[in-house]
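Here the structure is laid out as structure tokens; the discussion comes afterwards.
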Amino acid sequence: QAAAAWLQFHEASGKLQPKQLQELLSSLAYAGHLTRELGEEVCKTLKPLPTEAEEQVLVRLATTLASVDVETPEFYRQVLSTVTAPKTVPAGLPAGGAEEAEDYWRLSLLCFLAKADVVRWSLLLNILRQLNPLVAESVPQTLIPRLLWHLHQNCLENDSLLLEAHPLAKQLATQLTAAKRRWASEDLATMAGSLGYLGIIDVRCSEAIWEQLEAAEEEEVAPAMLQAGWAACVASSASSASSQGLGAGHQCLQRQRHALVAALAATKPLERLAQQRRQVALSLQAVQALQQANAADENEPLVMPGRAFFTPHRQKDQLRIARAFTARLRSLGAYCRAKPSWEAVAYDHLKGAQVEPRKDARGRQSTKAQRHASASMAAKDTFVVVYTHKGNGEQIGDSKEEKPQKIVLRVTLWVKHPLLLAEGDRADLDGAKVQGCCLNGFEAIEWWLTKLRPPELQSGKDIEHILLLMRSDSTTQEVAKAAERFAEMRMGMSISEMEAPVRPRALEQKMAAGAAGFRDPL
């Protein structure tokens, strides 16, 4: 206590060398005497950063201050800009030993990155792979929203983090559910949105967030309620992933129905919540519990924005693989038609707004603008495949003609990171998943909604809806082979018995011209 008072009231931090200050702050933090106010005073004396300080000393200082929730983002960014490569294993520890100390160091480094609000997914991936999630029990409760938000932002940059972040996010969600703390509505919205996107939220955690929002004293809680309602939809989809129907979470949605209808109307001007609004409204319609927000005109249909849950770096692969897949099916004689009502639109997840294509002064897109637009253009993922067999052995009347057999399938094709698909054999995966692959919250709700929509009929039979997951690094040849396997298994085609591919017309004309001009030398 005397050392803490000496640092805070006598401005003694400026009299110490960086190494001495770092060791003193670490000791105070271990003893529980490093407060947030003291940490802010220390940060003031460290501006600008001392030039003689070693990189790892600065990192240790920043991680110690971040572990007690010192809110100085500028200081953390300055430290991060001077460090070339923060080490996930602190120096001075014996190799293979002191695992608990190493885990606490990684957790402090994670808090440091979250406080700096800097996305470095490669460093975060290295931390999460070595981190024991149980050490998250020592995280201050005030840091939980910031950590979840940091995991969310990094997952938008790299899909593979969706799998690695699950253990830590589950531990943080457990702490959130058990906490007796009163959270601000902004923090509740952040935690609900992040846990929802990570697909790790369950019905119990969703109800805990909703109960606190109902007791909130803030006036503007509609955006937070919409985020919490969207997270409840994710929880409901995850609980019903292994069974048909609504699942256990539909009761939670029914209890929240009236508040969510009001939140849908209040958040209509907010573009950053357009995708959550769309999925919440469709989920409420799916459970037949949605009432019109505008009571004056009950027959007015809801205007839904375009579906957009593809991140920009994923849209390019989605478009390339979907084109190659459908092109191969068409070459085999199948008819493919995209579902226009389910097309994704260009969307910026970080800004939360729809992306408009860039044009030059003449109103045309330049080459550079086209390359920019190709990374954020609409990526069609759902289409209907129709294939008609020549005959199925049934004769029509007394004639010898065989009745043609038509096969109609509705296919949703999503490209996923190879590491997510490589974990398909694991049975201990938590959160939203399908076919053993982790899904984010948008994907989980979208696939859940396909199960709840009224079935489409073709000749009196339901059209089967199939979900295909493909690696995002698949080549054109690999996609073509996957399309051939799909045609054989699902549509009954016999690729080996089909005719040889027809030569291009230009090649035939060239060969014909060469034959016409050929003269026998004999």
Side-chain angles (χ1 to χ4, degrees), residues 145 148-149 152 173 176-177 179-240 245-305 352 432 441-442 444-446 448-449 452:
L148 290 174
W149 172 253
H152 180 189
L176 168 63
T177 306
K180 300 180 180 179
R181 172 189 176 87
R182 280 293 176 183
W183 303 90
S185 60
E186 183 178 358
D187 291 337
L188 291 172
T190 299
M191 292 185 291
S194 299
L195 287 173
Y197 183 83
L198 296 173
I200 203 65
I201 193 169
D202 55 10
V203 177
R204 181 184 176 189
C205 183
S206 173
E207 290 182 344
I209 294 176
W210 186 263
E211 289 175 359
Q212 290 216 18
L213 281 175
E214 287 182 329
E217 299 179 356
E218 293 92 342
E219 296 181 357
E220 298 294 334
V221 294
M225 282 193 167
L226 181 64
Q227 291 273 46
W230 179 76
C233 296
V234 177
S236 182
S237 65
S239 63
S240 61
L246 300 176
H250 75 285
Q251 298 180 356
C252 180
L253 289 177
Q254 289 178 348
R255 290 195 298 269
Q256 301 171 5
R257 176 173 55 90
H258 297 290
L260 286 178
V261 170
L264 288 173
T267 57
K268 190 174 183 180
L270 301 178
E271 293 186 2
R272 63 183 179 86
L273 297 177
Q275 297 306 308
Q276 284 86 344
R277 287 186 65 255
R278 173 188 174 277
Q279 291 194 330
V280 168
L282 291 177
S283 299
L284 292 177
Q285 284 181 339
V287 297
Q288 298 179 352
L290 179 65
Q291 296 179 355
Q292 296 294 337
N294 188 2
D297 188 2
E298 295 183 355
N299 297 323
E300 180 183 358
L302 291 174
V303 179
M304 299 293 180
F442 291 104
I445 295 178
E446 204 64 35
W448 180 56
L449 289 174
L452 303 181

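Just so you know, these numbers come straight off a predicted model, no measurement behind them.
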Would you please test Leu226 and Leu270 for side-chain contact (heavy atoms from CB on, under 4.5 Å) and show each step?
CA-CA 11 Å; Leu226 181 64; Leu270 301 178; over 6 Å; no
Pro269 to Ala266 - nearest heavy-atom pair and separation
CD-O, 3.6 Å
To the nearest 0.5 Å, what is the distance between CG (Leu282) and CZ (Arg277)?
10.5 Å
Within a strict 4.5 Å, meaning less than it, do heavy atoms of the Glu214 and Gln256 side chains meet?
no
Between atom CD1 of Ile201 and atom SG of Cys233, what is the distance when rounded to the nearest 0.5 Å?
10.5 Å
Any His258 side-chain heavy atom under 4.5 Å of Val261 side chain
no
Minimum-distance pair of heavy atoms, taken over all atoms of Ile209 and Ala228
CG2-CB, 4.1 Å
If a pair satisfies side chain to side chain donor-acceptor pair (under 3.5 Å) and one of its residues is in residues 181-192, list it, with sequence neighbours excluded.
none
Aromatic ring proximity, centroids under 6.0 angstrom, Tyr197 and Trp149
no
If you compare all heavy atoms of Met225 against all heavy atoms of Ala263, which two are closest, and at what distance to 0.1 Å?
CB-CB, 4.4 Å
Which heavy-atom pair separates Ala259 from Trp210 by the least distance, and what is that distance?
CB-CZ2, 3.6 Å
For Arg204, enumerate each residue passing the salt bridge (Lys or Arg N to Asp or Glu O under 4.0 Å) test, keeping only those at least two apart in sequence or located in another chain.
none
Would you indicate whether the side-chain heavy atoms of Val203 and Ser236 approach each other to under 4.5 Å?
no
